[in-house]
Protein chains: 2
Amino acid sequence: MAVTIRDVARDAGVSASTVCRALSSPELVKAETRERVRRSASALGYSPNKAARGLITGRTGNLGLIVPDLANPFFPGVVKGIQARARELDYAVFVADTDEVPTAEAELVQALAKQVDGIVLCSPRMSESALRPLAEQTPTVLLNRRVSRIPSVTFDNLDGMRQAVAHLTALGHRRVAYVGGPRSSWSNRERLRGLRTAAAANRLELVEVGNVLPQFTGGIAAADLVLAADVTAVVAYNDLIALGLLSRFRARDVDVPGHISVIGIDDIAMSAMVHPPLTTVSSPVEQSGRAGVDLLLDLMENPDRTATARRELDTHLTVRGSTGPLHRP
Amino acid sequence: MAVTIRDVARDAGVSASTVCRALSSPELVKAETRERVRRSASALGYSPNKAARGLITGRTGNLGLIVPDLANPFFPGVVKGIQARARELDYAVFVADTDEVPTAEAELVQALAKQVDGIVLCSPRMSESALRPLAEQTPTVLLNRRVSRIPSVTFDNLDGMRQAVAHLTALGHRRVAYVGGPRSSWSNRERLRGLRTAAAANRLELVEVGNVLPQFTGGIAAADLVLAADVTAVVAYNDLIALGLLSRFRARDVDVPGHISVIGIDDIAMSAMVHPPLTTVSSPVEQSGRAGVDLLLDLMENPDRTATARRELDTHLTVRGSTGPLHRP
DNA sequence: CCACATTCCGCAAACGTTTTCATTCTTGAT
DNA sequence: ATCAAGAATGAAAACGTTTGCGGAATGTGG
């Protein structure tokens, strides 16, 4: 039915081997025949059968991507970045969503592993001990998390937190709350760490307010705790939580930023659309996806130099309307 | 390296053919040997090589999904639905994003076609004449659009609009604006049609306000036109546009719903998170994804009965804070 | 005990490509 | 003219599975 390499071979008057070489190792065949083969191939509309190629080379030409929750607006950005870069390099991408269930992750990786040449894992919650065997079995790059001997691309959370604290300090705030995300999340620990050192450096009081789901409802739940903590500003683990805070503050008639300033993290699209628009620590999500693919392909070619493969991307504070100067009571 | 069907055959003391049959056509082999084979298979951790199978069967076990923009919160829902259903049926899903560029759609379909057994095409802007040859070439199911002789799953836009108009009428509104989405979009035409008939039935004046991008910025742009149109309520092509309207209204100090009522369509998560929360026509997005997969598999098995394969899902109005009774000036 | 249908299973071909190995052809040095 | 080295190509094996065909074993009715 479809046109095979033999059809091209016949048309070009050469053997199948030569067609194959002309198309995938051009330097091995004389320029003249190479051209003839190429013309025949495109004339017949030949495109190599992936299954046959995969059978013999053992590679699929596919990449896997695992994210905790596509509905979290943070992830479509990285999906887009990964898609775009993968397409440029002639890879197709399987996307899987774990619905924030950490146990589903390992299962999915297992299932995907056989169908892909490598995996980009956006999986902050799985334990390191579960992670490492998976990474040894299939080339794996971690996003948003660092684990020894596994390549990763992360954001510079520490510097992001430093910028946030500097901003709040400049506005006169002296006592600030942090609404934590999932306790088991690597980036949550990292952000907290960054906040602590920055707070110490600026002689700022840091109040840690529980750990909530990294979602809008988590912010709703935390809002009252924040108000009870008697702070003048609050940093949230991510924008969704920050938006929840904003919503609940409004419901309780707490003025932002008049009475309390709010800072989120991630800079999801939504954050610029609400009122007041959210001040937030922006991360180059799309770029992180692209970087992830590059690291992964690099890893697939040189399976050894894993430890060195690590990229940390810069973050920057985007100041909008949810932060303002401290009004002394 | 990996364990093959022959290893299992040797372990179970049968031929490769029998192993194959025991696993994929159980009724063809005696219960006793079937069990023996199965035990050997799972003991050795055998899993069939997809490439080899694909080479001989001509099928990949993969589905393709094409969406216009993953960043539009409407789509992650359908992606999730499709993923979930596909996984249940042992299919993996390639996801591709066209970035709202209609010409990219055809290209992507072509590229995907060879790697998948079927395609779910979401909200295509592509012309019917471009669509049909693609659908003939690869099993294709349309989401959010109906084209003759191509299976599709759609939402009952007409009834959704009827409900919206009934709601506004009950609140006393007599003159309503519609902010249209892309002119080439099937659902935009459908919604407009539903609105027109419902408006006529309720003796309501309908003012059509341009066509904008189905995004937040589109709503921003349309807001001033809406105000100039001297209406007391507005229906937007989708929630993102409605949120843009809300944002611009606030900026111009126009009270919602006091001065004007706003209705969106889709019920994306964000719509419940803003202030005032958005009244909107909810669609069962996740269910639409699942239905799409079911239709697609059905189509793959019976490539003929395309015309009958068509599902229309119910919508319902979710009333929140952005609509209210008409205050006579 | 035979004829025959039925069930179960093994053999071998086939899928379309890549790759090893051998062969032929070209080239340049002796 | 001869030979070696290297370039260019073809033949054939290999990848792991599915499946048509036929043979063996088993069961059934006469």
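Reminder, nothing fancy here: chain letters follow the sequence lines and each chain counts from 1. The analysis underlying the following values was restricted to heavy atoms, covering all of them including side chains, and did not include hydrogens, waters or symmetry mates.
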Would you please test Arg132(A) and Ser148(A) for side-chain hydrogen bond (donor to acceptor under 3.5 Å, both in side chains) and show each step?
CA-CA 9 Å; Arg132(A) 221 178 301 268; Ser148(A) 66; 3.2 Å; yes
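Between Arg6(A) atom CZ and dT17(C) atom P there is a gap of 8 Å when expressed in whole angstrom units. Nucleotide dG10(C) holds its C1' atom 14 Å from the CG atom of Leu28(B), rounded to whole Å. Here the C1' atom of nucleotide dT18(C) and the CG atom of Leu55(A) are 10 Å apart, to the nearest Å. Per the geometry, CZ belonging to Arg21(A) stands 8 Å off C1' belonging to dT19(C), to the nearest Å. Protein atom CZ of Arg34(B) is 12 Å distant from nucleotide atom C1' of dC8(C), rounded to whole Å. Atom pair Asn49(B):CG and dT17(C):C1' shows a separation of 14 Å (rounding to whole Å applied). Distance CD1 (Ile5(B)) to P (dG10(C)): 12 Å, rounded to an integer number of Å. A straight line from CD of Glu35(B) to P of dC8(C) spans 14 Å, rounded to a whole angstrom.
A distance-only check finds a donor-acceptor pair linking the side chain of Arg145(A) to the backbone of Met126(A) [under 3.5 Å]. Between the side chain of Asp117(A) and the main chain of Thr60(A), a donor-acceptor pair closer than 3.5 Å is present.
Between Arg310(A) and Arg149(A) the shortest heavy-atom distance is NH2-N, 4.3 Å.
When heavy atoms are screened at a 4.0 angstrom cut-off, Ser17(B) is found touching base atoms of the nucleic acid. Using a 4.0 Å heavy-atom distance criterion, Thr18(A) is classed as a sugar-phosphate-only contact.
Taking 4.0 Å as the cutoff to heavy atoms of chain B, we find the contact window on DNA chain D bounded by dG16(D) to dG20(D).
Residues satisfying the ring pair (Phe, Tyr, Trp, His ring centres under 6.0 Å) test with Phe94(B), not counting sequence neighbours, are Phe94(A).
Side-chain contact check for Ile119(B) versus Leu112(B): some heavy-atom pair is nearer than 4.5 Å.
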